[in-house]
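Every chain is numbered from 1 and lettered A, B, ... according to where its sequence line falls, protein lines coming before strand lines. Computed from a predicted model, the values in this text were never measured in an experiment.
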Amino acid sequence: MVAEQFEVNEEIAKIFHRLGVFLDMDGVDFKPTAYQRAAAILRTLDQSVADIYRLSDIKGLEALEGIGKNLAYKIKEYLGTGKIQTYEKYLKLYPIDIDNLDEVPGLGPKTIKWLWEELGVKNVSDLKIAAEKGLVKNLPRGGAKLEQNILNNLNLVETANKRWLYAEIEPLAEKIKAQLEIVPGVSNLLITGSYRRKKSTIGDLDYVTVASKPTLVMDVFTNLQNPKVEEIISHGKTRSSIRLADGLEIDLRVVDKKSYGAACQYFTGSKEHNIELRKIAIAKGFKLNEYGLYKGVKQVAGSSEEEIYKMLGLRYIEPELRENTGEIEWAQGKKKLDLINIKDIKGDLHIHSDWDGGKESISDLAEYARLKLGYEYIGISDHTKFLKIERGLDEEQLMAQRLEIQKINAKYKDKHINFTILQGCEANILNDGSLDIRDTILKQLDYVIAGLHSQLDMDREEITARMLKAINNPYIDIISHPFTGLINRRPQAKLDWGMILTAAKQTGTILEINANPLRLDLEAPKIREAKREGIKLVIDSDTHSLEDMNQIEYGIGEARRGWVVKEDIINTFLLAHLVKQFKRNVL
DNA sequence: GCCGTTTTCGGCCCGACTGTTTTCAGTCG
């Protein structure tokens, strides 16, 4: 998980979430959603509510989406006292471990309350004991199936891998797709959900298809052998869900042709986007559901997503943008937005060769880029000497490498081949913000990437100062993987993003969108902000072996989610235009 | 409790599937 940059936001979000559940337990209408929504919004904020309160008082809090007078007051109360009275009251009433119980699939607020009242279940371990003793099946409104489900789902929670990396799930997703597509009568099979939105992590897979023999495809689906179905979660005429041994849940929906677009739209989500769309539908006198857009009982759109958006008075919205973060307002306007496409990429500037820890020779990398990917240039950016584990290059080695690159470039020129290898390096930003390679050498390279590779857990002020010094260094052109997190493995550095943005803008420093699927750093929301600020961006593969160069596709996905067009990304430029983006060629 | 291209009051997304039910509430996506 991402480190909690704004711990207070997270603390309050947790309380709001629990309050929402408590209110739900008591059967209160609408308030639960308001609390949950507020919790979700707090988690997306780029600023601490403590800062907002300090700068703009309670009015600043109320100005936030989803926060009104009441919740603003509760935030203020928490900032002042470290507590929220309403919450403390509920804690006494229900001394229950809401967070973990709520994680158990099939358990919602009402069931949690029921188990608490009937059996005194306070937490997951109480629940397990009660279910194992057979207490649940003997309750009024209880039953054997319910009890068994609880036991199954408890096991599931213990072993669950919450979200999978997009890149690790991609081959499996396509393999299942291929098996379903050959079932007789199947057409238009699409993988929807967060997979289609190209999120960096995927929680489950959602397939939508048209089928002339729905039962046939459902049967194939629930009997998959490779991958093997571990559990059939539900099995209906039009919707079924299965689970694989590793816990991955996969859903299949079979729909009529006339509802295909509506179903794809609906199951692609995001949920928040869909809710917004339905509100627009209602405002225009329609009703939108997974079967189509309706005026009364008459379907007015549904076979394609395009016609649904059109009927709602919206431009078509690319799946990657469907997060309810302003795309609907955009779609009501006239401005075009041609998101970047993989074919726009002309080269790759973050490539490690066998001079450092990489596997491939410079000429093999160049030929792969030129012939397989159709690039016009690459930049070799090997690690530098501080990173001993990666056999980082020292000054002398960099100069020797420069000669080799010049030789290969000369050969291309002799053969009239339009391809150029640039020499950069990926220098290390040391603890004091200086680099591990002398300026006299740095200025002889074509460009310099610098990144954090050590002491990533410095406190906010310290690591921000370190990064700012690097950004202000006239020899550093690109900051690689700025936040330096690893998805699901390592938290991000606690950088002050606002200060990074300002400094990058002032100095013309380029920020990298690192396409390694374990990094995807910058993340989409930050990409979008950087773009808005006019900051230059580059999408790099961070290649260590030939195939890694194809990772660029994941970076494209993240960039699209960040509303990026071709012009925002410097490695869509032709070489002559590209090199002008480097500070050394501007100053 | 929030919010406003119908609204400062009166709405608040929608349907499938499950389990224990015999008409539905709860959960999920």
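- When the P atom of B:dC3 is taken as reference, atom CG of A:N70 falls 12 Å away, rounded to whole Å.
- When atom types are taken as modelled, the side chain of A:D256 and the backbone of A:K258 share no donor-acceptor pair closer than 3.5 angstrom.
- Within the 3.5 Å criterion, the main-chain N or O of A:L151 finds no donor-acceptor partner in the side chain of A:K128.
- Backbone-only engagement by A:K74 is indicated by non-hydrogen atom pairs under 4.0 Å involving sugar-phosphate atoms exclusively.
- Nearest to the side chain of A:S234, among B:dC17, B:dG1, B:dC28, sits B:dC17.
- Atom-to-atom, NZ of A:K279 to P of B:dC12 comes out at 10 Å; the value is rounded to the nearest Å.
- One can place CG of A:N274 at 13 Å from C1' of B:dG15, the figure rounded to the nearest angstrom.
- The aromatic rings of A:Y166 and A:Y554 stand perpendicular to each other, their planes meeting at an angle above 60°, with 30° marking the opposite boundary.
- Atom CD1 in A:I12 sits roughly 16 Å away from atom P in B:dG1 (whole-Å rounding).
- Proximity of residues 127-149 of chain A to DNA chain B (heavy atom under 4.0 angstrom from any strand atom) is restricted to A:R141, A:G142, A:G143, A:A144, A:K145, A:L146, A:N149.
- Of the residues in residues 261-273 of chain A, those placing a heavy atom less than 4.0 Å from an atom of DNA chain B are A:Y266, A:K271, in numerical order.
- One atom, CD1 of A:I282, and another, P of B:dC14, lie 4 Å apart when rounded to the nearest Å.
- Not one N or O on the side chain of A:S259 forms a donor-acceptor pair closer than 3.5 Å with the backbone of A:A262.
- Partner assigned to B:dC17 is B:dG26, using Watson-Crick or G-U wobble distances below 3.5 angstrom.
- Judged as a salt bridge (Lys or Arg N to Asp or Glu O under 4.0 Å), and not counting sequence neighbours, the contacts of A:E62 are A:K69.
- Contacts of A:L277 with the nucleic acid, taken as non-hydrogen atoms under 4.0 Å apart, are absent.
- Sorted by first and then second residue, the side chain to side chain donor-acceptor pair (under 3.5 Å) pairs involving residues 202-220 of chain A (not counting sequence neighbours) are A:D206-A:R253.
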Under the criterion salt bridge (Lys or Arg N to Asp or Glu O under 4.0 Å), I'd like the reasoning laid out for A:E523 against A:R561: C-alpha separation, chi angles, the key distance, then a yes or no. CA-CA 9 Å; A:E523 296 169 297; A:R561 293 174 51 75; over 6 Å; no
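- Near DNA chain B, defined here as any heavy-atom distance below 4.0 Å, the residues from residues 20-33 of chain A are A:F30, A:K31, listed numerically.
- Listed for the A:T33 side chain is a donor-acceptor partner under 3.5 Å among the backbone atoms of A:F30.
- Near DNA chain B, defined here as any heavy-atom distance below 4.0 Å, there are no residues from residues 292-326 of chain A.
- Comment: A:R519 does not engage A:E558 in a salt bridge, judged by the lack of any side-chain N to carboxylate O separation of less than 4.0 angstrom.
- Closest-nucleotide positions on DNA chain B for A:E65 and A:D251 were compared, and the one nearer the 5' end corresponds to A:E65.
- Under the 6.0 Å distance and 45° angle rule, A:K113 does not count as a cation-pi partner of A:Y94.
- Minimum heavy-atom separation, A:K110 to A:D24: CE-O, 2.8 Å.
- Classification of the A:Y90-A:F22 ring pair by plane angle, with boundaries at 30° and 60°, yields parallel.
- In this entry the distance linking CG of A:L252 with C1' of B:dA16 reads 14 Å, nearest Å.
- Spacing between atom CD1 of A:I275 and atom P of B:dC3 amounts to 15 Å, rounded to whole angstrom units.
- Checking the phosphate oxygens (OP1, OP2) of B:dT18, no side-chain nitrogen or oxygen of A:S241 falls inside 4.0 Å.
- Residue A:Y291 has no polar side-chain atom (N or O) positioned under 4.0 Å from OP1 or OP2 of B:dC14.
- The residue among A:D102 and A:H235 whose nearest nucleotide of DNA chain B lies closer to the 5′ end is A:H235.
- Look at A:R197 and A:E272 and you find no salt bridge, because none of the NZ, NE, NH1 or NH2 atoms lies under 4.0 Å from a carboxylate O.
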